[in-house]
Peer 1: 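Quick one: this structure, given as structure tokens, is what I'll be asking you about.
Sequential numbering from 1 along the given sequence is applied to the chain's residues. Hydrogens, waters and symmetry mates play no part in the numbers below; they use all other heavy atoms, side chains included.
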Amino acid sequence: MTAAAITRPWPTDLVFDRATRQLMIAFDDGAHFEIPFELLRVESPSAENKGHGPNPPPPVTGKANVNVVKADAVGRYAVRISFDDGHDTGLYSWDLLYDLGRTKGERLRIYRETLAQRALRDEA
């Protein structure tokens, strides 16, 4: 095991709260995050969201009210999240979830500014 793996925060609790549409996740370093399902969906690490070629795809829209229907462990390193819009191809590593929790305010701000600049709406 590498030193990076030993010091990397490890999840101790994952709760998908469908009522508040948030993932509540705790890590062994004491960090606790509430990540909106909307952010999980628009930041999905799938090729569908990130693009297949050199040009980035347009921002994902219409996910303000998206919900999670299922989550499955993928080995010991990630979780596959299935959303009620049918999207289920993103593998969310523990590192990615930690980063999303840590940077959620900034990521949501940038996402919403991008939608506004393109005159897009993020409604279900």
Peer 1: Closest approach of D85 and R41, non-hydrogen atoms and distance?
Peer 2: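 Nearest pair, atom of D85 first, then R41: OD2-NE, 2.8 Å.
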Peer 1: Would you compute the distance between atom CG of L23 and atom OG1 of T20 and round it to the nearest 0.5 angstrom?
Peer 2: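 The OG1 atom of T20 is 9.5 Å from CG of L23, to the nearest 0.5 Å.
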Peer 1: So, taking the atom named NE2 in H32 and the one named CG in D13, what distance separates them when rounded to the nearest 0.5 Å?
Peer 2: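 It comes to 7.5 Å.
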Peer 1: Can you check whether D28 reaches P9 side chain to side chain, under 4.5 Å on heavy atoms?
Peer 2: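 The answer is yes; the side chains approach within 4.5 Å.
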Peer 1: Under 4.5 Å side-chain heavy-atom separation, chaining through any Ile, Leu, Val, Met, Phe, Trp or Tyr, what else clusters with I110? Say none if it is isolated.
Peer 2: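 Listed partners: none, I110 stands alone.
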Peer 1: Quick one: closest heavy-atom pair of Q22 and P36, and the distance?
Peer 2: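 What the structure gives for the nearest pair is CG-CA, 4.1 Å.
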Peer 1: Side chain to side chain contact (heavy atoms under 4.5 Å, CB included) between H87 and L40: does it pass, once the steps are laid out?
Peer 2: CA-CA 11 Å; H87 182 75; L40 291 172; over 6 Å; no
Peer 1: Would you say the side chain of R21 lies within less than 4.5 Å of the side chain of V66, judging by non-hydrogen atoms?
Peer 2: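 When only atoms from C-beta onward are counted, R21 and V66 do not touch, as no gap falls below 4.5 Å.
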Peer 1: Set out, in order, the CA-CA distance, both residues' side-chain angles and the distance that settles side chain to side chain contact (heavy atoms under 4.5 Å, CB included) for L97 and V79, then state yes or no.
Peer 2: CA-CA 9 Å; L97 290 173; V79 62; 4.0 Å; yes
Peer 1: Linking I/L/V/M/F/W/Y whenever any side-chain heavy atoms sit under 4.5 Å apart, do L39 and F33 land together?
Peer 2: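 In one cluster: yes.
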Peer 1: Is it true that a side-chain atom of N67 and a backbone atom of D84 form a donor plus acceptor pair closer than 3.5 Å?
Peer 2: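 Pair absent, no side-chain N/O of N67 close to backbone of D84.
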Peer 1: Looking only at atom types and distance, does a side-chain atom of Y77 sit under 3.5 Å from a main-chain N or O of D95, one as donor and one as acceptor?
Peer 2: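 No, because the side chain of Y77 does not come within donor-acceptor range (under 3.5 Å) of the backbone of D95.
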Peer 1: Regarding E38 and R112, does a basic nitrogen lie under 4.0 Å from an acidic carboxylate oxygen?
Peer 2: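 Salt bridge flag = yes for R112 with E38.
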Peer 1: Shared ILVMFWY cluster between M24 and W94, side chains joined below 4.5 angstrom?
Peer 2: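 No, separate clusters.
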Peer 1: Taking the side chain as every heavy atom from C-beta outward, state whether L91 and L96 have any atom pair closer than 4.5 Å.
Peer 2: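 L91 does not reach L96 side chain to side chain.
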Peer 1: Side chain of Y98, backbone of F27: donor and acceptor closer than 3.5 Å?
Peer 2: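 Judged by distance alone, no pair lies under 3.5 Å.
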Peer 1: Cluster question for you: counting only ILVMFWY and a side-chain heavy-atom cut-off of under 4.5 Å, with indirect links fine, are I35 and W10 together?
Peer 2: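 Yes, same cluster.
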Peer 1: State the CD1-CG distance between I81 and D88, to the nearest 0.5 angstrom.
Peer 2: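 Separation between the atoms: 11.0 Å.
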Peer 1: Where is the tightest heavy-atom contact between S93 and A78, given as atom of each residue plus distance?
Peer 2: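 Where S93 meets A78 most closely, the heavy atoms are CA-CB, 3.8 Å.
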Peer 1: Evaluate the side chain to side chain contact (heavy atoms under 4.5 Å, CB included) criterion for residues F83 and K63: first the C-alpha distance (whole Å), next the side-chain angles of each, then the deciding distance (0.1 Å), finally the verdict.
Peer 2: CA-CA 10 Å; F83 296 90; K63 305 306 174 191; over 6 Å; no
